[in-house]
Amino acid sequence: MKHTDIVEIFKNPEYIGKTTTVCGWVRTSRDSKNMAFLELNDGTTLKHLQIVIDKSKMSDITEFMRLGTSLKVTGEIVKSVVAKDSVELNAEEIILLGACPGDYPLQKKRHTLEYLRTIPALRVRTNTFNAVLRVRSIVSAAIHEYFQSHHYVYIHTPIITASDCEGAGEMFRVTTVGFNKDIKTEEEYDAADFFRRRAALSVSGQLEGEVAAMALGKIYTFGPSFRAEKSNTQRHVAEFWHVEPEVAFAELPDIIEMAEDMIKYVINAVLDRCPDEMQFFDKHFENGLIEKLKNVASHDFAVMTYTEAIEILKKNADRFQTPVEWGDDLMTEHERFISEEICKKPVFLTNYPKEIKSFYMKQNPDGKTVAATDLLVPGVGEIIGCSEREADLDKLLEAMNIRGMKLSEYGDYISLRKYGSVPHSGFGLGLERIIMYVTGIQNIRDVILYPRTVGTIS
Ligand code: 4AD
């Protein structure tokens, strides 16, 4: 269907005076005695194109005026009469592509995000989702650009796996075996299954990413991860997009430096390429968002040890619902206090107690902590989980044995420590979490097309 993207018409003054065809959905409509006006959006920009209709030239325009209707419109692009520096289209021909009945659910100018979650197929047609999904696309492109331009190889790690990377047991099983009363034990069940052993959806591509990094030096993965965590919070989904670089010959300070550089690159890309969307989020979701992000992109992030953070948290114990002691995992309220009230900017919290972190993290010489860091950002909390990996075979085996892990399931991973082991580090960035941070949207369900959360799949 020959037509012009509306974004091109706004960007390019050469369209003024030219007869042009556009397609889109009616977002607003207004009727007066001789003239009618409707705003068309085709999804290529947040801006709507005003269509001006001289009623004397068209017989019946009733159907065109209904919100949600899809149209193909041809006419001359002219300078807007009302809005300075804008353009509109004087309709000469309108073709109805798809009529829309009066019960179209998006009738109001602004609906609550909660209501929009109940109509996932239509909420994408709102300004909010138009802006979120475009920012998401730009963030994804910027992530690829950053790694590609720094000699990283993009690796596709398996989605079906037999090993649990995070060791938390929060995995979705992959099975072809249904209910069968003849199967009496778990072993029989696993043996009857497709792979002849237990399989699950991957929680992280890290373990396979490490394999690739031990040959290619610098790699990254960017794909879905799955967690069957029952945390029904504003920042957890069961299926999220996970960016996981893995870098050989890198210690913890090296990977921290890269993570900061990458986040700043992504922020600058969004500010540069999504000016309308960012104005929209600044106005409707977080006042001062653009200024905040510019500031973040031009200053150093903070770095603080877990132990220092615990001291600060204990001094402010009256501020929290859950008291905290050295050795405890931090709750969201603690993480947010440190980044929002103490550092007032993104902070890398480093050197966590080894008991609360994963088996693969490098053990520090103090015997108590591991060389791990979480990047905490104001408003969201943790967006990156990162560590230097344990490169010493004996120490890795000891950490796995303490956790009662089945070494036979991790043969490849362990072998990396036998054959030319090197210091190496990596991290996982949750795509939805960084989208929340750069848009100011507070619920992860509103930055993903179809959120999967405990008890809900639509
Ligand atoms: O801290 P996590 O669990 O780290 C790992 O999975 C490591 N294997 C990553 C690595 O080193 N390669 O997860 C990393 C990030 C979190 O910081 C968070 O941004 C995101 O993944 N994440 C989730 N995002 C949304 N919903 C969930 N349920 C998430 N779980 C983790």
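Start at 1 and go down the list; that is how both ligands and their atoms are numbered. In this chain, residues are counted from 1 in sequence order. Just so it is clear, the structure is predicted and the values come from calculations on it, not from any experiment.
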[atom]: which of [options] has the nearest heavy atom?
atom: atom 13 (O) of ligand 1; options: K357, R227, E244; result: R227
atom: atom 21 (O) of ligand 1; options: F240, Y437, Y360; result: F240
atom: atom 1 (O) of ligand 1; options: R433, E382, Q206; result: E382
atom: atom 19 (O) of ligand 1; options: L207, I383, V243; result: I383
atom: atom 25 (C) of ligand 1; options: E170, E432, R235; result: R235

Are C386 and ligand 1 in contact, using a heavy-atom cut-off of under 4.0 Å?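 The answer is no, since C386 has no heavy atom less than 4.0 Å from ligand 1.
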Quick check on H242 - does any of its heavy atoms sit under 4.0 Å from an atom of ligand 1?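 Checking ligand 1 against H242, which is what was asked, there is a heavy-atom contact under 4.0 Å.
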Could you grab the distance from atom CD of E8 to atom CG of D42, nearest 0.5 Å is fine?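 Result: 10.5 Å between the selected atoms.
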Assign the ring pair H144 / Y154 to parallel, tilted or perpendicular, where the plane angle (0 to 90°) is split at 30° and 60°.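 Ring orientation, 0 to 90° scale: perpendicular.
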For Q206 and Y360, what are the C-alpha separation, side-chain angles and deciding distance, and is it a side-chain hydrogen bond (donor to acceptor under 3.5 Å, both in side chains)? CA-CA 10 Å; Q206 177 194 328; Y360 53 73; 3.2 Å; yes
[atom1]/[X]: more than 12 non-hydrogen atoms of other groups inside 6.0 Å:
X: E166; atom1: CD; answer: yes
X: E341; atom1: CD; answer: yes
X: E114; atom1: CD; answer: yes
X: K368; atom1: NZ; answer: no
X: K184; atom1: NZ; answer: yes
X: D412; atom1: CG; answer: no
X: F194; atom1: CZ; answer: no

Which residue supplies the protein heavy atom nearest to [atom], what is that atom called, and how far is it?
atom: atom 15 (C) of ligand 1; value: G428 O, 3.4 Å
atom: atom 28 (N) of ligand 1; value: E229 OE2, 2.7 Å
atom: atom 7 (C) of ligand 1; value: E166 OE2, 3.2 Å
atom: atom 27 (C) of ligand 1; value: V237 O, 3.5 Å
atom: atom 11 (O) of ligand 1; value: R389 NH2, 2.9 Å

Hey, is ligand 1 close enough to [X] that some N/O pair sits below 3.5 Å?
X: V203; value: no
X: I444; value: no
X: G430; value: yes
X: E246; value: no
X: L429; value: no
X: S204; value: yes

Taking the side chain as C-beta and beyond, is there a heavy-atom pair between Q321 and M331 under 4.5 Å?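 SC-SC contact between Q321 and M331 ruled out.
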Below 4.0 angstrom from a heavy atom of C165, which ligand 1 atoms are there? Numbered from 1 as shown, please.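 Reading through ligand 1 atom by atom, the close ones are 8 (N).
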Are F226 and F172 near enough that their ring centres are under 6.0 Å apart?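 Between F226 and F172, the centre distance exceeds or equals 6.0 Å.
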